[in-house]
> 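One structure coming up, written as structure tokens, with questions to follow.
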Protein chains: 2
Amino acid sequence: MKLQLQIKMNEALYLKNPESSDLGKNILKHSVQLIYKAGFEAFTFKKLAENIGTTEAGIYRYFENKHKLLVYLTAWYWGWLEFQISFQTNNIADPAIRLKKVINLLATAVEDDEQTSYINESLLHQIIITEGSKAYLTKQVGEDNKQQFFKPYKDLCAVVSVIISECSPEYKYPKSLASTIIEMAHFQNFFMNNLPSLTDFGVAKEESEISAFLNDLVFTSLGKG
Amino acid sequence: MKLQLQIKMNEALYLKNPESSDLGKNILKHSVQLIYKAGFEAFTFKKLAENIGTTEAGIYRYFENKHKLLVYLTAWYWGWLEFQISFQTNNIADPAIRLKKVINLLATAVEDDEQTSYINESLLHQIIITEGSKAYLTKQVGEDNKQQFFKPYKDLCAVVSVIISECSPEYKYPKSLASTIIEMAHFQNFFMNNLPSLTDFGVAKEESEISAFLNDLVFTSLGKG
DNA sequence: TATTTTTGATAGTAATACTACCATACAGAA
DNA sequence: TTCTGTATGGTAGTATTACTATCAAAAATA
């Protein structure tokens with residue numbers, strides 16, 4: 001039996017559900033590839049349409065604009081990651097071990113997940129590192145947040161902060177530490193590859209070093225260093 | 001005697017030095033105001049020109065495009081901040097006290113500095129929080145970095161990492177901890193005001209809490225908690 | 001077969017991101 | 001005083017972007 005992982009997406013993110021048709025799935029697939037290759041600024045619906053072999057108007061039937069599409073992709077990613085985390089930390093009793101596992105999942109490149117054929121998780125991970133924060137670093141954060149566009153991100157952060165509190169109930173900043181871990185897992189990766197003097201990983205450029213740094217940061221903060 | 005603080009800017013950032021003429025200074029002044037009000041995405045040279053009372057072509061004589069202008073403003077900000085830090089931590093012998101001072105400067109809103117009449121540092125600080133990372137989260141990071149556009153940011157990071165190492169010479173991740181502090185001083189501020197559930201400061205919304213969090217994070221990591 | 005959904009194709013508009021060119025005003029040097 | 005360079009103003013024009021609207025054909029479904 002083949003299981004199909006379906007991530008429930010916020011309906012306000014799209015005009016027509018891209019998972020409901022071939023063209024929609026193609027839009028997701030090719031937008032990941034194109035944003036990865038060209039970067040979000042240079043990415044346009046026209047180029048995407050040419051890539052797919054359809055027309056601009058076709059894309060606009062699914063997404064209002066490229067910002068919504070980016071928010072969709074990030075929401076999908078965080079939803080997918082939360083599933084990975086809950087799956088891979090299932091049945092682990094010790095919260096410290098769970099937390100270590102979470103840090104590894106955040107900081108380590110993901111392999112493409114065969115379960116979702118139309119999204120390449122490995123490329124999407126790279127996109128989130130470079131473009132992810134642009135989803136909320138805008139003037140419309142407030143409205144976007146009201147429409148719950150960032151719920152998957154906030155949910156993931158809440159999951160991590162709960163584990164932190166389980167590790168150390170008296171720690172005063174579980175949520176801020178959780179968002180710090182999540183953001184830094186990505187930023188340190190970006191810095192390592194693009195502005196290496198901002199990190200201590202410029203020589204080896206290994207993701208395992210980012211994990212080690214974050215583990216050190218977290219567990220000394222929680223008094224379990 | 002009135003001292004004029006002049007920050008030496010990378011010449012590749014502009015076509016004509018904006019500090020060398022009235023129009024140039026007006027471009028800096030109004031671009032800070034306009035980006036603050038409209039956000040970087042909605043900011044255009046046309047609107048800026050209308051704001052100043054000049055023409056689009058006039059702006060293009062100074063800056064190649066709005067990305068370069070953003071990089072200019074961020075570089076200016078980091079240069080200015082490094083000066084503030086070196087000035088305000090001057091003659092403080094204890095590196096731990098210096099580090100606390102640095103964290104406060106990073107996390108606390110700045111007052112407008114009268115010394116530089118054409119740039120409102122307080123608004124610029126808000127811009128850097130929301131738009132600052134867009135200066136390097138692009139496909140051209142590599143080339144921009146080769147041209148030394150991010151030198152002020154990297155210099156600041158180096159200054160902070162040196163203080164960290166003075167506090168605790170055996171600590172293994174001084175650079176990554178430095179970039180973490182700098183980024184998180186801004187991100188936690190943004191989250192506090194826009195996505196408060198990602199932080200522990202949603203109720204009081206005080207910048208002093210961000211300082212407290214960062215101090216706790218840093219000094220426990222350095223074994224001085 | 002009838003009907004709804006999906007897609008393809010074309011056209012058009014307003015705004016954005018520039019480049020080019022010419023005229024003028026003014027400051028300092030010869 | 002004239003010459004020269006610098007700073008600015010104004011106008012035009014182009015390619016691309018970001019959309020909206022409309023119509024017809026094809027495909028899926030009832």
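Computed from a predicted structure; not experimentally measured.
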> Please tell me which of the listed nucleotides, D:dA7, C:dT7, C:dA17, lies nearest to the side chain of B:Tyr62?
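Between D:dA7, C:dT7, C:dA17, the one nearest the side chain of B:Tyr62 would be D:dA7.
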> Roughly, in whole Å, what's the span from NZ in B:Lys16 to P in D:dT6?
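Answer to the nearest Å: 9 Å.
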> Using a 4.5 Å cut-off on heavy atoms from C-beta on, say whether the side chain of B:Ile27 contacts that of B:Phe63.
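Answer yes - side chains close enough.
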> If you check the A:Lys47 side chain, which of C:dC18, C:dT16, D:dT17 turns out closest?
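Nucleotide nearest to A:Lys47's side chain: D:dT17.
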> Which of the following nucleotides, C:dC18, C:dT16, D:dA18, is nearest to the side chain of A:Glu56?
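Closest nucleotide to the A:Glu56 side chain: D:dA18.
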> Calculate the interatomic distance between B:Ile52 atom CD1 and D:dA7 atom C1'; express it in whole Å.
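B:Ile52 atom CD1 is separated from D:dA7 atom C1' by 14 Å.
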> Closest approach to the side chain of A:Asn65, judged atom by atom: which nucleotide of C:dG8, D:dA18, D:dC19 is it?
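Out of C:dG8, D:dA18, D:dC19, the nucleotide with an atom closest to A:Asn65's side chain is D:dC19.
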> Has the side chain of B:Lys154 got a donor or acceptor atom that lies under 3.5 Å from a matching backbone atom of A:Leu195?
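Flag not set: sc B:Lys154 to bb A:Leu195 has no pair under 3.5 Å.
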> Atom CG of A:Leu23 to atom P of D:dA28: distance rounded to whole Å?
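Value for this atom pair: 14 Å.
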> A:Ile59 CD1 to C:dA9 C1': how many Å, rounded?
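After rounding, the reported distance stands at 14 Å.
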> Would you kindly give the OH-to-P distance between B:Tyr60 and D:dT11, to the nearest whole Å?
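Rounding to the nearest Å, OH of B:Tyr60 and P of D:dT11 are 18 Å apart.
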> Tell me which nucleotide among C:dG8, D:dA7, C:dT10 gets nearest to the side chain of A:Ala57.
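Selected nucleotide (nearest to the side chain): C:dT10.
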> Could you work out which one of C:dA17, D:dT8, D:dC19 sits closest to the side chain of B:Lys66?
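Of the candidates, C:dA17 comes closest.
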> Between D:dG9, D:dT17, C:dT6, which nucleotide has the shortest distance from any of its atoms to the side chain of B:Thr54?
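The closest nucleotide is D:dG9.
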> Rounded to the nearest angstrom, tell me the gap between atom CD in A:Glu50 and atom C1' in C:dT10.
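About 15 Å, once rounded to whole Å.
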> Do A:Lys139 and B:Tyr36 form a cation-pi contact, if we require the NZ or CZ to be under 6.0 Å from the six-membered ring centre and within 45 degrees of the ring's axis?
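Yes, A:Lys139 sits over the ring of B:Tyr36.
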> Less than 4.0 angstrom between a side-chain N/O of B:Ser21 and OP1 or OP2 of D:dA7, yes or no?
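For D:dA7, OP1/OP2 do not have a side-chain N/O of B:Ser21 under 4.0 Å.
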> Measure NZ/B:Lys46 against C1'/C:dT19 and give the value in whole Å, please.
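In whole Å, C:dT19 C1' lies 16 Å from B:Lys46 NZ.
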> Please work out whether the ring planes of B:Phe43 and B:Phe45 are parallel, tilted or perpendicular, with thresholds of 30° and 60°.
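Judged by the thresholds at 30° and 60°, the geometry between B:Phe43 and B:Phe45 is perpendicular.
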> Are B:Ser21 and B:Tyr62 close enough that a side-chain donor and a side-chain acceptor fall under 3.5 Å?
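Per modelled atom types, B:Ser21 and B:Tyr62 side chains form a pair under 3.5 Å.
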> Whole angstrom is fine here: how far is it from CZ in B:Arg61 over to P in D:dG10?
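Distance check: B:Arg61 CZ to D:dG10 P gives 11 Å.
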